[in-house]
Amino acid sequence: MRTKILAAAMLLLAVVGAFSGHRYYMTAYLPGKRLDEAVKKQAEIIERIRPDTLAKAVDTGKAPDTPLVLCENVNDDIVGWITIPDTNIDLPVVQGEDNDFYLHNGVDGQYNYELGCPFLDYRCESDFSGFNSIVYAHNMTEQRMFADIALYKDEAFFQSHPAGTLTMKDGEHDVQFFAYMTTMSTSPAYHVAFASLSEKEDYIEYVFSEANYTDFFTPDELKGKEDLHFLLLSTCTFESDDARGILFGVIG
């Protein structure tokens, strides 16, 4: 009798172990493996199409029509390239028909297991010529995508990394960062349609009043700038379920 009970217990443990192992494989190991493969694939594509790769390849003395020509060979949705020194942000920027597609798909437009890629708000001008150009990306583990935007919570990091570059079809532009804001996804910071100069000035005042900190510009200096264009880099920052971090810059 004891032998039968022991055998039954061992069989039960084996079944439970097999079920647990299968569940771990399906819910943890396999998704993690697929994400790692997606990260590797995306990194290979990015390395192949980055603007400085093009510069090294061009030795004929004839400049290409656009520094993003290699990007366009991969995906016509690529509209720019954002780089921030000493971070992992050296990435192409795409723009889709909505703000959902590139949350789940990579720079080549293929599903990449929710890694996504940086994308320009579909409401914004594709050449970053609007008053506000907002780029979103996930805050992923291992400092992937826009995770390093959260480094700007620390004002000391901001002071030592105050600038980046935005490469567009017409060339490379400096970006001077001037504010970091912790906010919510429904924040007025994400406004993109401005009907008047007064609305733009009100927006500038809003940013300076709500930002965690600001530097390098005053509100009046920005209001006095002609042809002013902001670049906002936004990601989740997990202070609450709907928390977002936004790094504000001026495109030069």
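All residue numbers refer to positions in the sequence shown, counting from 1. Given the structure is predicted, the values throughout are model-derived calculations rather than measurements.
- Residues meeting the side-chain contact (heavy atoms from CB on, under 4.5 Å) test with P85, sequence neighbours left out: none.
- Considering F178, F177, Y180 as possible partners of Y152, the one that fulfils the ring-ring contact (aromatic ring centres under 6.0 Å, His included) test is F177.
- Evaluated for a salt bridge (charged side-chain N to carboxylate O under 4.0 Å, His left out) with E37, the options R34, K33, K40 yield exactly one hit, K33.
- Remark: the backbone N or O of K153 is not paired with any side-chain donor or acceptor of N212 at under 3.5 angstrom.
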- Could you walk me through whether F128 and V135 pass the side-chain contact (heavy atoms from CB on, under 4.5 Å) test, one step at a time? CA-CA 10 Å; F128 297 84; V135 178; 4.2 Å; yes
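- Annotation: Y113 is in aromatic contact with Y111 [ring centroid separation under 6.0 Å].
- Within the model, atoms OG of S209 and CE of M181 stand 7.0 Å from one another, a figure rounded to the nearest 0.5 Å.
- A donor-acceptor pair under 3.5 Å is formed between the side chain of T235 and the backbone N or O of N139.
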- Apply side-chain contact (heavy atoms from CB on, under 4.5 Å) to the pair K225 and L222, showing each step before the final yes or no. CA-CA 5 Å; K225 286 180 70 70; L222 291 178; 3.9 Å; yes
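- The minimum heavy-atom distance between A189 and L232, with the atom names listed, is O-CD2, 3.4 Å.
- Partners of V39 according to the side-chain contact (heavy atoms from CB on, under 4.5 Å) rule, which considers only residues two or more places apart in sequence or in another chain, are L35, L115, R144.
- The heavy-atom pair separating M145 from L91 by the smallest distance is O-CD1, 3.9 Å.
- In this structure H229 satisfies the ring-ring contact (aromatic ring centres under 6.0 Å, His included) test with no other residue, sequence neighbours excluded.
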- Query: Does the ring pair (Phe, Tyr, Trp, His ring centres under 6.0 Å) test come out yes or no for F208 and F248, once each step is laid out?
  - Reply: CA-CA 11 Å; F208 275 81; F248 292 80; 9.0 Å; no
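- With ring centers used as reference points, F101 lies 6.0 Å or more from Y122.
- Formation of a donor-acceptor pair under 3.5 Å by the E72 side chain with backbone atoms of I78 is not found in this model.
- The backbone N or O of Q159 lies less than 3.5 Å from no partner atom in the side chain of D215, so there is not a single donor-acceptor pair.
- The shortest side-chain heavy-atom distance between L228 and I204 falls under the 4.5 Å cut-off.
- Partners of N73 by side chain to side chain donor-acceptor pair (under 3.5 Å), not counting sequence neighbours: none found.
- Here the CD atom belonging to Q176 is positioned 12.5 Å from the CG atom belonging to L231, to the nearest 0.5 angstrom.
- For the residue pair I45 and V74, the shortest heavy atom distance occurs at CG2-CG1, 4.1 Å.
- Across all their heavy atoms, G245 and I149 have their closest contact at O-CG2, 4.2 Å.
- Under a hydrophobic clustering in which Ile, Leu, Val, Met, Phe, Trp and Tyr are joined whenever their side-chain heavy atoms come within less than 4.5 Å, directly or via other members, V107 and V69 fall into the same cluster.
- The closest side-chain heavy-atom distance from N132 to C124 is not below 4.5 Å.
- A search for side-chain contact (heavy atoms from CB on, under 4.5 Å) contacts involving D220 returns T218, K223, not counting sequence neighbours.
- E125 pairs by the salt bridge (Lys or Arg N to Asp or Glu O under 4.0 Å) definition with nothing, not counting sequence neighbours.
- Between N75 atom CG and C117 atom SG the span is 8.0 Å, to the nearest 0.5 Å.
- Residue I46 comes nearest to W81 through the heavy atom pair O-CH2, 3.5 Å, listed as atom of the first residue, atom of the second, then distance.
- Taking S234 as the reference, Y136, Y190, R244, I246 meet the side-chain contact (heavy atoms from CB on, under 4.5 Å) condition, with sequence neighbours excluded.
- The line from CZ of R48 to SG of C71 is 10.5 Å long, rounded to the nearest 0.5 Å.
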- side-chain contact (heavy atoms from CB on, under 4.5 Å) evaluation trace for L233 with I89: CA-CA 11 Å; L233 306 179; I89 298 173; 5.5 Å; no
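- Qualifying side chain to side chain donor-acceptor pair (under 3.5 Å) partners for Y213, counting only residues two or more places apart in sequence or in other chains: none.
- For Y102, the ring-ring contact (aromatic ring centres under 6.0 Å, His included) criterion is met by no residue, not counting sequence neighbours.
- Relative ring orientation between H191 and F194 is described as perpendicular, the plane-to-plane angle rising above 60° on a 0-90° scale split at 30° and 60°.
- The side chain to side chain donor-acceptor pair (under 3.5 Å) check on T214 picks up nothing, with sequence neighbours excluded.
- Put simply, CD1 on I82 and CE on M168 are 10.0 Å apart, with the number rounded to the nearest 0.5 Å.
- Within the structure, the salt bridge (Lys or Arg N to Asp or Glu O under 4.0 Å) test picks out the following pairs touching residues 88-109 (sequence neighbours left out): K41-D108, R50-D90.
- Evaluation of the side chain to side chain donor-acceptor pair (under 3.5 Å) rule for T237 yields E239 as partners, not counting sequence neighbours.
- The backbone N or O of L103 sits less than 3.5 Å from a side-chain atom of H138, completing a donor-acceptor pair.
- The main-chain N or O of S129 is never found under 3.5 Å from a side-chain atom of S133 such that the two would form a donor-acceptor pair.
- Residues T87 and I84 share a closest heavy-atom pair of OG1-O, 2.7 Å.
- The line from CD1 of I134 to CG of D121 is 5.0 Å long, rounded to the nearest 0.5 Å.
- Residues F146 and L247 form no side-chain contact, since every pair of their non-hydrogen atoms from C-beta on lies 4.5 Å or further apart.
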